[in-house]
Amino acid sequence: MTTLRGRLPHQKEILYVFGGVVFAIYTWAIRGFLYQLSSLRLYHTLGEIFAIFSYLMAFALIESLIVMSGLVLVGFTLPRKWFREGFAYKGFITTLVAGIAMITLQYYLFSLNYEIPPMKVIYLGFGITTILLISLIWVFQNRPQLQKFLLAVQERLQIFIYFYVPLGIVGLAVVAFRNIW
Amino acid sequence: MQANKLLSRRDFLKLASFAPLTWFASPLMQFPRQMADVQIPNVIVLVFDAWSASHLQFYGYPRRTMPNLERILEKATVFHNHYAAGTFTTAGTASLLTGMYPWTHRALSLGSGGIVDTQLDHQLFALLSDTHSTLAYTQNKFADLLLYEFTQSIDHHLQTGEFNLDRRFIYNSAPFENDTQIAFASLENNALLDGETRSSSLFINSLFRLWKMNTALDNDHRFANEYPLGLPDDTEQFVLSDVVDGAIRTLQNLEEPGVAYFHFYPPHENYRPTQKFYHIFSDGWQPPEKPVHRLSWGQFSYSTLNQLNREYDEYIASWDAEVSRLFQYLQDSGLLDRSYVVLTADHGELNERGERGHFTSMIFEPLIHIPLIVFQPGQKQRKDVYTYTSSTDILPTLAYLLGKPVPAWVEGELLPGFGGKENPERSIYSMDAKTNASFAPLTQTSISLTKNQHRLTYYDYPDDQQFEFYNLEEDREELKDLYPSQPALARRMKDELLQKLDEINQAFEF
């Protein structure tokens with residue numbers, strides 16, 4: 001058990017990364033909600049719009065937990081020096097790079113207008129993202145000043161955990177309430 | 001005390017020993033009711049999505065797209081000028097099932113807005129549920145959302161994916177069945193949205209879509225010999241024969257007398273003809289070229305639209321070959337002899353004037369002219385009706401045929417030959433108001449008035465307010481807009497249309 005726990009990143013570092021994950025996912029979710037808001041208000045009552053927002057917040061909470069679990073799993077599985085050592089900034093960089101890659105992918109899929117993309121483009125995108133991620137981690141690993149800067153940003157982002165996560169919990173409660181009763 | 005003498009404890013126990021016999025007697029008690037029920041016909045409504053009358057040979061189309069259906073028309077009533085009240089699934093289906101125009105049921109948008117609460121009990125299933133069992137199935141997610149709104153009146157609501165290859169929708173999965181409208185708006189139409197940039201999910205959306213695409217590709221490869229352009233799908237993929245088999249199995253278990261509503265996705269886009277029918281209409285025939293309309297969003301070229309029309313026709317022919325087994329089953333099982341069978345569409349399809357499909361503000365014949373074929377129990381001869389009719393007429397007609405009073409809230413009329421009379425002066429409306437708020441007056445809408453062999457269409461948008469007027473008798477292709485010459489009939493119809501709009505919008509004046 002102790003060995004297993006030893007393979008996990010430090011709790012404080014997990015919290016630092018979680019702040020970044022929550023910030024990225026919730027901000028994107030709220031952006032998506034606001035984008036649709038003008039259309040929603042044409043066909044839904046205020047109560048229904050609140051319910052839709054609750055669903056999105058609940059979804060964002062689940063998504064944040066899944067992404068965070070994935071990062072912890074990577075830290076748990078890979079050799080210590082690769083990811084677990086410096087988990088806070090490595091996890092944050094991974095979140096940012098993967099997030100940007102996913103936004104690019106969303107835009108790309110949109111541009112295809114429902115057509116299925118050629119798999120080689122997907123593999124190429126995956127390859128570029130991986131190379132970019134490894135390069136950035138390597139650069140930050142060798143620049144303690146950059147690490148400090150990132151950690152300072154992460155420290156400030158933690159405030160979003162105390163704001164967004166309760167929103168997600170309230171959202172989950174609303175979803176449960178609407179579907180059970 | 002006297003009672004004790006008449007019925008002693010011993011007598012009571014003797015009598016009680018006969019109590020189990022009542023279990024056997026129960027079916028006998030129901031027998032007279034069943035005998036009575038046998039006299040009540042079933043109602044079977046078959047809806048083909050985006051099925052335009054303008055592409056069927058028995059409405060004058062040069063390609064013979066549905067030979068199998070044509071054969072059984074000899075025992076049916078065929079309506080030649082039947083029009084959809086809405087131009088896309090939500091509005092069109094809602095009008096069909098409520099007998100009301102979109103301006104009343106207010107299901108104006110494509111999605112989860114739905115019918116307004118005050119009109120939710122005004123629909124086919126509620127109307128017939130006291131005498132009939134009710135069963136509903138649709139492959140179309142937008143029509144399915146409407147069925148969920150009527151859920152209190154539907155005994156058996158089959159899921160969209162019931163006969164599909166896979167199930168990918170989340171809104172109608174078990175956890176969200178009590179809240180499908182909001183689950184759809186939040187999940188399918190936002191977080192897990194297909195094909196748009198505005199998904200609110202940063203990671204799961206793209207991964208989910210890639211997974212869906214991958215399984216879709218696998219399925220397409222698996223059926224490549226049968227479906228050269230890929231499998232038909234509405235997010236969930238399906239095989240035409242599976243859907244027909246599923247419908248037949250469902251009808252085999254229909255509790256009679258019953259109402260069965262089947263809303264099939266074919267021949268809706270994407271057009272996926274089977275191998276047998278692929279390229280059968282590469283015959284060189286071309287429809288007349290029509291100028292690109294100012295409201296066309298797609299601006300597709302004439303040759304692209306021709307190819308789409310060819311594939312649409314081939315897909316209709318593929319569907320005809322499969323769905324003919326359903327018609328055969330209705331005949332062989334005797335269901336056709338003890339049911340009113342209504343065959344129609346929610347709206348048509350338009351591949352012309354630079355536009356494809358039906359997600360458009362334009363209103364033209366291929367988009368609103370839909371088939372209506374009614375089979376009466378025991379009908380032996382074909383009848384043809386040429387008067388203008390509306391999709392809002394189906395509900396009142398069924399009510400009338402089943403001996404129920406026609407509800408006061410209905411906006412349609414009885415179909416000619418089914419209690420109604422031919423009325424050449426009748427006004428038929430079709431409309432689209434996707435961008436108009438459900439709770440507000442109609443200020444952004446396309447609305448057409450068809451009567452006296454003419455059509456007046458009013459495009460009423462903040463930056464585009466125009467009328468178009470066509471003579472349908474001489475110019476069925478609607479190529480010559482007569483409005484600029486201001487004929488007297490156009491002026492009269494304009495007054496009537498504007499007065500109707502005023503009436504509709506008066507309900508929103510405070």
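Below, chains carry the letters A, B, ... as their sequence lines are ordered, and counting in each starts from 1.
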Q.
When you measure from the side chain of A/Glu63 to the backbone of B/Ser201, do you find a donor-acceptor pair of N or O atoms at a distance under 3.5 Å?
A.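 Checking the backbone N and O of B/Ser201 against the side chain of A/Glu63, no donor-acceptor pair under 3.5 Å is found.
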Q) Any sub-3.5 Å donor-acceptor pair from A/Gln36's side-chain atoms to B/Ser186's backbone N or O? A)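 No: the side chain of A/Gln36 does not pair with the backbone of B/Ser186.
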Against chain B, work out which of [options] has the most heavy-atom pairs shorter than 4.5 Å and name it.
{"options": "A/Ala58, A/Gly32, A/Pro117", "value": "A/Gly32"}
{"options": "A/Ser54, A/Ala98, A/Ser39", "value": "A/Ala98"}
{"options": "A/Ile122, A/Ile103, A/Ile25", "value": "A/Ile25"}

Within the structure provided, determine whether [X] and [Y] are in side-chain contact (heavy-atom separation under 4.5 Å).
{"X": "B/Ile204", "Y": "A/Phe59", "result": "yes"}
{"X": "A/Arg178", "Y": "B/Ile182", "result": "yes"}
{"X": "A/Asn179", "Y": "B/Pro175", "result": "no"}
{"X": "A/Tyr43", "Y": "B/Ser109", "result": "yes"}

Q) Will you find, in the side chains of A/Tyr55 and B/Asp179, an N or O donor that is under 3.5 Å from an N or O acceptor? A)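 On atom types as modelled, these side chains qualify, holding a pair under 3.5 Å.
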[X] atom [atom1], over 12 foreign heavy atoms within 6.0 Å:
{"X": "B/Arg167", "atom1": "CZ", "answer": "yes"}
{"X": "A/Ile169", "atom1": "CD1", "answer": "yes"}
{"X": "A/Phe50", "atom1": "CZ", "answer": "no"}
{"X": "A/Arg41", "atom1": "CZ", "answer": "no"}
{"X": "A/Trp82", "atom1": "CH2", "answer": "no"}

So which part of [X] gets closer than 4.5 Å to some heavy atom of chain B, the side chain, the backbone, both or neither?
{"X": "A/Ala24", "value": "both"}
{"X": "A/Ile66", "value": "side chain"}
{"X": "A/Ala60", "value": "neither"}

Q. Which residue out of B/Asn190, B/Leu210, B/Asn178, B/Leu108 racks up the most heavy-atom pairs below 4.5 Å with chain A?
A.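 Most heavy-atom pairs within the cutoff with chain A belong to B/Asn190.
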Can you tell me how far apart [atom1] ([X]) and [atom2] ([Y]) are? Round to the nearest 0.5 Å.
{"X": "B/Leu202", "Y": "A/Thr27", "atom1": "CG", "atom2": "OG1", "result": "9.5 Å"}
{"X": "A/Gln106", "Y": "B/Ser206", "atom1": "CD", "atom2": "OG", "result": "4.0 Å"}
{"X": "A/Leu105", "Y": "B/Phe203", "atom1": "CG", "atom2": "CZ", "result": "11.5 Å"}

Q | Minimum heavy-atom distance A/Arg31-B/Ser199, with the two atoms named | A |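 Shortest heavy-atom contact: NH2-O, 3.8 Å.
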Q: Let me know if B/Ala440 has heavy atoms under 4.5 Å from chain A in its side chain, its backbone, both or neither.
A: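 Answer is neither: B/Ala440 stays 4.5 Å or more from chain A.
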Q. Using non-hydrogen atoms only, which part of B/Asn270 is less than 4.5 Å away from chain A: side chain, backbone, both, or neither?
A.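 Nothing of B/Asn270, per the 4.5 Å heavy-atom cut-off to chain A.
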Q. Could you go step by step and tell me if B/Leu207 and A/Met102 meet the side chain to side chain contact (heavy atoms under 4.5 Å, CB included) rule?
A. CA-CA 8 Å; B/Leu207 297 176; A/Met102 287 297 170; 3.4 Å; yes
Q: Report the C-alpha separation of A/Leu42 and B/Phe439 in whole Å, then their side-chain angles, then the decisive distance to 0.1 Å, and conclude whether the side chain to side chain contact (heavy atoms under 4.5 Å, CB included) test is met.
A: CA-CA 7 Å; A/Leu42 294 179; B/Phe439 322 110; over 6 Å; no
